[in-house]
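Below is one structure; the comments refer to it alone.
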Amino acid sequence: MRKALILIFIISGALSAMADERGELRLERISRHYAALGNYSMSFVLRAGESIQEGELMVEGKNSYIKIAETELYVVDSLRYEVRGTSKEIIVDRADAYEKDLFNPLNGFSGVRKEYNVEECEVDGRVAVRLVPKRSGETLYIVTGADGESIEHINYGAGEGSLKISVRTTQRGVKPMPRFTKERYKGFEVIDFR
């Protein structure tokens, strides 16, 4: 009996390590998929409770642009500009201060392993990656499309506080990425944390 328990423990440990390795390999595959696109744009829908907002992400070389509702985020060279339309503020900071952002389009998922336990799983019949925070926070699911490498949607949290990001379209760079200029945002307060 004791030998059977030890054997079960060893097998379950090996399966757990294999699951973690599969999850990390799946994340690498997703990152390679988007890196291979070069310059690209992605349209998405964010659902949080009853709220539904459309958004757009554009990546061009080392630069990126995200727009959702009244917020725009530019990462240009080594600077990050967060434009808050509602409060008429522009927050300027060093881009490297945000390198650990989970979905930093320029870094893929490079910092995920330090902060999350990564496991491959299945959600609604699709291959997915479950990210469980090592310290605290909500579990996150990255659900892939039929190809197993493009993102179909991302689920974060549970219950009333949950949110879902559904990718509508992804295209190689069709239109030029918007450029940040202060002239475009006349009357906005600039808060500079550099």
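Bear in mind that the values here come from a model prediction, so they are computed numbers and not experimental data.
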Exercise. Is the shortest side-chain N to carboxylate O distance from Arg130 to Glu119 below 4.0 Å?
Worked result: yes
Exercise. Is the closest basic N to carboxylate O distance between Arg29 and Glu120 below 4.0 Å?
Worked result: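 Here Arg29 does not pair with Glu120 in a salt bridge, since their nearest N and O are not under 4.0 Å apart.
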Honestly curious: do [X] and [Y] fall in one hydrophobic cluster under the side-chain, below-4.5 Å linking rule?
X	Y	answer
Val129	Tyr156	yes
Ile66	Ile154	yes
Tyr65	Tyr81	yes
Ile30	Val127	no
Val167	Tyr40	yes

What is the minimum heavy-atom distance between [X] and [Y], and which atoms define it?
X	Y	result
Thr170	Leu37	CG2-CD1, 3.7 Å
Arg184	Pro178	NH1-CB, 3.7 Å
Gln53	Ser51	NE2-OG, 3.7 Å
Asp77	Ala95	O-CB, 4.5 Å
Gly157	Glu138	CA-OE1, 3.4 Å

With a 4.5 Å heavy-atom cut-off, do [X] and [Y] have their side chains touching?
X	Y	result
Phe180	Val83	yes
Phe188	Ser87	no
Ser166	Arg47	yes
Ile191	Glu89	yes
Leu79	Asp93	no

For this session: Just do the side-chain contact (heavy atoms from CB on, under 4.5 Å) check on Leu46 and Ile52 with the steps written out, would you?
Result: CA-CA 6 Å; Leu46 171 66; Ile52 298 175; over 6 Å; no
Any chance you could measure [X], atom [atom1], to [Y], atom [atom2], to the nearest 0.5 Å?
X	Y	atom1	atom2	value
His153	Asp124	NE2	CG	5.5 Å
Glu82	Glu72	CD	CD	11.0 Å
Glu60	Met177	CD	CE	5.0 Å
Arg126	Ile142	CZ	CD1	15.5 Å
Glu54	Lys67	CD	NZ	11.0 Å
Phe44	Arg168	CZ	CZ	10.5 Å

Problem set entry | More than 12 heavy atoms from other groups under 6.0 Å of CG on Asp147 |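 Yes, enclosed.
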Exercise. How about Lys182: does its NZ atom have over 12 heavy atoms from other parts shown lying under 6.0 Å from it?
Worked result: no
Exercise. Has the side chain of Tyr34 got a donor or acceptor atom that lies under 3.5 Å from a matching backbone atom of Ile151?
Worked result: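 Flag set: sc Tyr34 to bb Ile151 pair under 3.5 Å.
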